[in-house]
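Values below: every heavy atom of this structure, side chains too, minus hydrogens, waters and symmetry copies.
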Amino acid sequence: MVELAIGIILGCCALGAGMAMIAGIGPGIGEGNAVASACEAIGRQPESKGTVTTTMIMGCAIAETTGLYALVIAILLIFVAPRSLVGILMSYIAK
């Protein structure tokens, strides 16, 4: 019975980590659109290259934080959560 509960905990943590990494798709698409728009803007007005590039880099940096947060959550779900949840389960069973 305990082995089944531990297996469910590990499986759910792995599933949650995989779902968290789906969030990495959003920043990739957003940054690609930002770079495409910046290239188009620079092509239309080459004299605004500095302003457009600076704004694009700031936007890409902010968009990238979403992917980094997802990565941190996935790492926590893989390495930290199973040990904590199994410990809680074992302390509950010991009572």
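For the side chain to side chain contact (heavy atoms under 4.5 Å, CB included) test with Ile8, the passing option among Ile6, Leu10, Leu4 is Leu4; the others fail.
Atoms SG and CZ, from Cys13 and Arg83 in turn, are 12.0 Å apart once rounded to the nearest 0.5 Å. To the nearest 0.5 Å, atoms SG (Cys39) and NZ (Lys49) are separated by 10.0 Å. Considering CG of Leu89 and OG of Ser84, their distance stands at 12.5 Å, rounded to 0.5 Å. One finds the CD1 atom of Ile88 at 12.5 Å from the OH atom of Tyr92 (value rounded to the nearest 0.5 Å).
In this structure a side-chain-to-backbone donor-acceptor pair under 3.5 Å is present from Thr65 to Ile62.
Pro27 and Thr66 make their closest contact through CG-CB, 4.0 Å (heavy atoms, listed as atom of the first residue, atom of the second, distance). Across all non-hydrogen atoms, the minimal contact from Ile93 to Val2 is CD1-CG2, 3.4 Å. The minimum heavy-atom distance between Leu76 and Pro82, with the atom names listed, is O-CD, 4.4 Å. For the residue pair Ala34 and Met56, the shortest heavy atom distance occurs at O-CG, 4.1 Å.
The environment of CE in Met58 is sparse: at most 12 heavy-atom neighbours from other residues, nucleotides or ligands sit within 6.0 Å.
In terms of hydrophobic clustering, with Ile, Leu, Val, Met, Phe, Trp and Tyr side chains grouped at heavy-atom distances under 4.5 Å, Ile75 and Met21 are assigned to a common cluster. Under the 4.5 Å side-chain heavy-atom criterion for Ile, Leu, Val, Met, Phe, Trp and Tyr, Ile22 and Leu71 are members of distinct hydrophobic clusters. Put simply, Met90 and Leu85 are part of the same group of oily side chains (I, L, V, M, F, W, Y) that touch within less than 4.5 Å, one to the next.
Leu77 is listed as a side-chain neighbour of Ile73, based on a closest heavy-atom distance under 4.5 Å.
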